[in-house]
Undergrad: 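Let me begin by handing over the structure; questions about it come next.
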Amino acid sequence: MLADSVTMSRALTSLTLGFHIIFATIGVGVPLMISIAEFIGIKKGDPHYILLARRWTRGFVITVAIGVVTGTAIGLQLSLLWPSFMQIAGNVISLPLFMETFAFFFEAIFLGAYLYTWDRFSKPIYHWLLSIPVIIGSTMSAVFITTVNAFMNAPQGFELNGRTITSIDPIAAILNPAAPAKIFHVVSSAYLASAAILAAITAFNIIKKKSNPYYKKALKLSMSATLIFALLTAIAGDVSAKYLAEHQPEKLASYEWHFDTETGADLILFGTLNDQNEVENAIRLPKFLSFLSFGDFNSEVTGLEEFDEALLPPLWIHYLFDGMVILGMYALGISMLYLIFLRIRKWNEENKLLLWLIVLNGPLAMIAIEFGWILAEVGRQPWILRGYMKVAEAATTSPHVGWMFFLFLALYIALGVIGVSVLRKLFRNNPVELELEQRYPHIPKKDDFS
């Protein structure tokens with residue numbers, strides 16, 4: 001029964017986090033995009049950007065509401081499904097968990113003020129200033145919850161004698177060595193995915209409807225942001241690789257199918273493993289793993305041979321790592337291609353094929369986020385608290401987790417359907433063209449758009 005409980009606890013936690021991360025990612029990245037759009041609109045006196053910020057805000061509020069429900073479910077499941085883990089780690093991570101909650105409420109207060117004070121200030125810049133604490137709150141919420149995950153990978157700030165935890169230092173736990181790289185990667189990738197999703201929605205509207213200045217400006221803004229955040233995410237990935245090479249070499253070696261400790265290690269892309277764990281049909285980039293790990297093409301990279309096989313993560317995570325990198329490079333490439341088309345006058349940046357590629361980039365960016373989360377969690381296996389507690393030791397022994405799984409699955413399906421329905425009605429019943437005419441009657445009508 002214990003094995004069944006462990007499996008179902010992992011399945012339910014994976015289901016909840018996999019669903020929640022969609023809304024958490026949007027919750028981190030979209031406030032920044034809203035703020036940028038409004039700021040440009042104010043500085044340029046351009047009502048299109050102001051309307052862009054308004055409409056993005058409406059959709060964002062719906063996703064926040066769903067994220068609250070799924071975030072609450074995660075907090076509940078930590079205690080219900082992982083009681084042994086919380087008995088020990090809960091004493092150490094209670095501070096960042098509290099700070100994450102505080103950051104969310106900080107964001108929610110100012111989001112309410114931002115939402116209900118449009119056109120109420122004599123100077124619009126004062127309304128824009130309310131977006132700053134929303135960005136701070138959403139980003140800090142991601143920062144604090146990421147420190148908890150980082151702590152699970154690099155636990156410190158306590159001493160453990162059997163099941164007794166002493167010498168608790170929550171600040172040291174928050175400032176664990178895994179935190180900087182993880183925070184950088186999580187925040188930058190959330191910004192990237194959010195910009196890519198907004199660009200995908202805009203591109204889809206351009207395909208289905210006649211283009212107008214509103215959509216053109218929205219696409220240019222969101223694709224420019226996608227390029228910037230894709231570059232930052234690539235840098236964050238490099239920082240993460242160097243952290244893993246130094247602090248969690250077994251995780252990096254599993255990602256890269258690096259079996260033997262050697263200098264000048266090759267970077268392996270794609271490929272398959274045979275029964276003897278030999279890599280076949282792979283693309284090898286000579287010495288690149290050494291360079292990515294330590295910034296030196298001839299540095300020594302620790303291989304899987306150095307570790308107890310029972311303490312290694314499953315090797316199939318290599319495919320997810322490849323997928324995450326490829327999708328990140330796709331986001332970078334498609335945003336660069338769009339801006340090239342935008343600059344070269346004889347090319348049309350609204351080419352249908354290009355627009356469909358941009359549409360595709362939205363869901364692919366979110367899939368990359370999911371891949372990254374799975375890599376982070378499965379790459380730590382079999383540990384839930386690295387070096388201290390294994391997943392099997394932390395899970396509940398309750399035989400009723402299976403029922404919980406199906407109940408939460410039904411909840412998430414209902415939330416997903418309701419969320420999509422509300423968003424569709426919110427925007428379908430209030431198209432851009434109509435709102436432009438009602439709010440800004442002085443700008444060109446649809447027939448005058450070029």
Side-chain angles (χ1 to χ4, degrees), residues 17-40 49 52-68 70-71 103-104 107-108 111 114-115 131-132 134-143 145-146 183-205 215 217-237 324 327-328 330-332 334-335 338 358-373 419-420 423 426-427:
L17 288 175
F19 187 70
H20 173 71
I21 203 169
I22 297 171
F23 302 96
T25 298
I26 293 171
V28 173
V30 171
L32 179 61
M33 295 299 298
I34 292 170
S35 181
I36 292 172
E38 186 182 11
F39 183 78
I40 294 173
Y49 286 103
L52 191 61
R54 282 180 181 269
R55 291 174 69 87
W56 281 351
T57 301
R58 291 182 207 136
F60 173 66
V61 170
I62 305 302
T63 62
V64 167
I66 298 175
V68 170
T70 55
F104 169 75
E107 173 196 359
L111 177 60
Y114 182 83
L115 184 64
S131 70
I132 303 302
V134 177
I135 296 171
I136 293 172
S138 61
T139 300
M140 291 309 297
S141 180
V143 167
I145 203 64
T146 302
I183 290 170
F184 185 15
H185 205 164
V186 166
V187 173
S188 62
S189 60
Y191 289 164
L192 166 59
S194 297
I197 289 169
L198 294 175
I201 294 170
T202 304
F204 185 78
N205 279 315
Y215 288 132
K217 293 169 184 176
L219 190 60
K220 182 179 179 181
L221 172 59
S222 53
M223 288 303 290
S224 299
T226 298
L227 175 61
I228 294 169
F229 297 136
L231 289 170
L232 286 175
T233 301
I235 296 171
M324 180 184 68
L327 295 179
Y330 177 84
L332 178 61
I334 199 63
S335 56
Y338 167 80
I358 293 171
V359 171
L360 184 62
N361 188 44
L364 289 182
M366 188 57 70
I367 290 173
I369 293 284
E370 297 281 3
F371 281 177
W373 169 74
V420 171
L423 287 170
L426 185 64
F427 293 106

Undergrad: Under 3.5 Å, side chain of Ser35 to main-chain N/O of Pro31, donor-acceptor pair present?
TA: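 Between the backbone of Pro31 and the side chain of Ser35 there is no qualifying donor-acceptor contact (under 3.5 Å).
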
Undergrad: Would you indicate whether the side-chain heavy atoms of Leu219 and Ile358 approach each other to under 4.5 Å?
TA: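 They are in contact (side-chain heavy atoms under 4.5 Å apart), so the answer is yes.
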
Undergrad: Using a 4.5 Å cut-off on heavy atoms from C-beta on, say whether the side chain of Val64 contacts that of Phe104.
TA: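 Side chain of Phe104 against side chain of Val64, heavy atoms only: contact under 4.5 Å found.
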
Undergrad: Hey, does the side chain of Ser141 reach the backbone of Gly137 with a donor-acceptor pair shorter than 3.5 angstrom?
TA: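 No, Ser141 side chain to Gly137 backbone: no donor-acceptor pair under 3.5 Å.
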
Undergrad: Could you grab the distance from atom CD1 of Ile228 to atom CG of Leu192, nearest 0.5 Å is fine?
TA: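 That separation rounds to 11.5 Å.
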
Undergrad: Rounded at 0.5 Å granularity, tell me how far OG in Ser138 sits from CD1 in Ile26.
TA: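 The CD1 atom of Ile26 is 12.5 Å from OG of Ser138, to the nearest 0.5 Å.
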
Undergrad: List the steps, then state whether side-chain contact (heavy atoms from CB on, under 4.5 Å) holds for Glu370 with Ile22.
TA: CA-CA 8 Å; Glu370 297 281 3; Ile22 297 171; 3.7 Å; yes

Undergrad: Report yes if the side chains of Ile367 and Leu327 come closer than 4.5 Å at any heavy-atom pair, otherwise no.
TA: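 The answer is yes, as the side chains (C-beta and beyond) meet within the 4.5 Å cut-off.
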
Undergrad: For the pair Tyr191 and Leu232, evaluate side-chain contact (heavy atoms from CB on, under 4.5 Å) and give the outcome as yes or no after the intermediate values.
TA: CA-CA 10 Å; Tyr191 289 164; Leu232 286 175; 6.0 Å; no

Undergrad: Within a strict 4.5 Å, meaning less than it, do heavy atoms of the Tyr114 and Val61 side chains meet?
TA: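 No, too far: nothing below the 4.5 Å cut-off.
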
Undergrad: How about Phe204: does its CZ atom have over 12 heavy atoms from other parts shown lying under 6.0 Å from it?
TA: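 Check fails, neighbour count at 12 or below.
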
Undergrad: Examine distances only and state if a side-chain atom of Ser194 and a backbone atom of Thr25 form a donor-acceptor pair shorter than 3.5 Å.
TA: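 Present.
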
Undergrad: Any heavy-atom pair between the side chains of Tyr338 and Leu227 that's under 4.5 Å?
TA: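 Heavy-atom side-chain distance check fails, nothing below 4.5 Å.
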
Undergrad: For the side chain of Thr139 and the backbone of Ile136, is there at least one donor-acceptor N/O pair under 3.5 Å apart?
TA: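 Not at all, since once roles are kept as given, no pair shorter than 3.5 Å links the two residues.
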
Undergrad: Compare every heavy atom of Met33 with every heavy atom of Ala195, then report the nearest pair and how far apart it is.
TA: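 Closest heavy-atom pair between Ala195 and Met33: CB-SD, 4.1 Å.
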
Undergrad: With rounding to the nearest 0.5 Å, note down the distance linking CD1 in Ile197 to OG1 in Thr202.
TA: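 If I round to the nearest 0.5 Å, the distance is 12.0 Å.
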
Undergrad: Could you grab the distance from atom OG1 of Thr70 to atom CZ of Phe19, nearest 0.5 Å is fine?
TA: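 That separation rounds to 6.5 Å.
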
Undergrad: Taking atom CD1 of Ile34 and atom CD1 of Ile135, what is their separation to the nearest 0.5 Å?
TA: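 Result: 8.5 Å between the selected atoms.
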
Undergrad: Using the side chain to side chain contact (heavy atoms under 4.5 Å, CB included) rule, pick out the option among Thr233, Ile235, Leu231, Ile183 that qualifies with Ser188.
TA: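 For Ser188, the side chain to side chain contact (heavy atoms under 4.5 Å, CB included) check succeeds only for Thr233.
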
Undergrad: Between atom CE of Met140 and atom CD1 of Ile145, what is the distance when rounded to the nearest 0.5 Å?
TA: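 Separation between the atoms: 12.5 Å.
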
